[in-house]
Amino acid sequence: MIHGEFGNWLESIDMSNSQANRFMKVVSELDSSKFLTTRNIGVEALYYIATLPEDERDKEHKIPSTGETKTVNEMTVRELREVKKTSH
């Protein structure tokens with residue numbers, strides 16, 4: 001599809017441009033990783049994982065609000081947001 005047709009196609013499937021951009025970010029960052037094979041991780045969580053620096057995706061993180069230590073694929077969206085705020 002050419003660029004102008006992409007917007008029309010998004011409208012035809014009732015998807016916003018920002019939602020499409022999130023999906024594209026997830027696929028471009030995580031397409032060959034273990035995260036996409038984990039069906040229990042939702043799209044929002046995958047987006048937060050995809051926007052973490054690559055070296056932060058495989059290590060354990062301490063969750064600020066609970067003190068628990070988890071890997072990103074074990075975290076809730078809320079926990080991912082907390083970790084993302086502290087990883088910058």
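Starting from 1, each residue takes its place in the sequence as its number.
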**Student:** Looking at K84 and T51, would you say the former's side chain and the latter's main chain have a donor-acceptor pair under 3.5 Å?
**Tutor:** yes
**Student:** Check E56 against V72 and note the closest heavy-atom contact, atom names and distance.
**Tutor:** O-CG1, 4.1 Å
**Student:** Which value, rounded to the nearest 0.5 Å, describes the distance between E44 atom CD and T76 atom OG1?
**Tutor:** 10.0 Å
**Student:** For K62, enumerate each residue passing the salt bridge (charged side-chain N to carboxylate O under 4.0 Å, His left out) test, keeping only those at least two apart in sequence or located in another chain.
**Tutor:** none
**Student:** Evaluate whether atom CG of D14 has more than 12 neighbouring non-hydrogen atoms of other residues, nucleotides or ligands under 6.0 angstrom away.
**Tutor:** no
**Student:** Taking only residues two or more places apart in sequence or in another chain, which ones pass salt bridge (charged side-chain N to carboxylate O under 4.0 Å, His left out) with E74?
**Tutor:** none
**Student:** How long is the gap from OH on Y48 to CZ on R22, to the nearest 0.5 Å?
**Tutor:** 5.5 Å
**Student:** With sequence neighbours left out, what residues match E11 under salt bridge (charged side-chain N to carboxylate O under 4.0 Å, His left out)?
**Tutor:** none
**Student:** Looking at residues at least two apart in the chain, or sitting in another chain, which of them share a side-chain contact (heavy atoms from CB on, under 4.5 Å) with M15?
**Tutor:** L10, I13, Q19, A20, F23
**Student:** Would you tabulate the side-chain donor-acceptor contacts of residues 63-70 under 3.5 Å, counting partners in other chains and residues two or more places apart, or write 'none'?
**Tutor:**
from : atom 1 : to  : atom 2 : distance (Å)
S65  : OG     : R78 : NH1    : 3.1
S65  : OG     : E82 : OE1    : 3.1
S65  : OG     : E82 : OE2    : 2.8
T66  : OG1    : E68 : N      : 3.2
T66  : OG1    : E68 : OE2    : 3.4
K70  : NZ     : E79 : OE1    : 3.1
K70  : NZ     : E79 : OE2    : 3.0

**Student:** Could you pull out all residues at least two apart from A45 that satisfy side-chain contact (heavy atoms from CB on, under 4.5 Å)?
**Tutor:** I41, V77, L80
**Student:** Would a distance-only check, ignoring hydrogens and angles, find a side-chain to backbone donor-acceptor pair under 3.5 Å from R57 to L52?
**Tutor:** yes
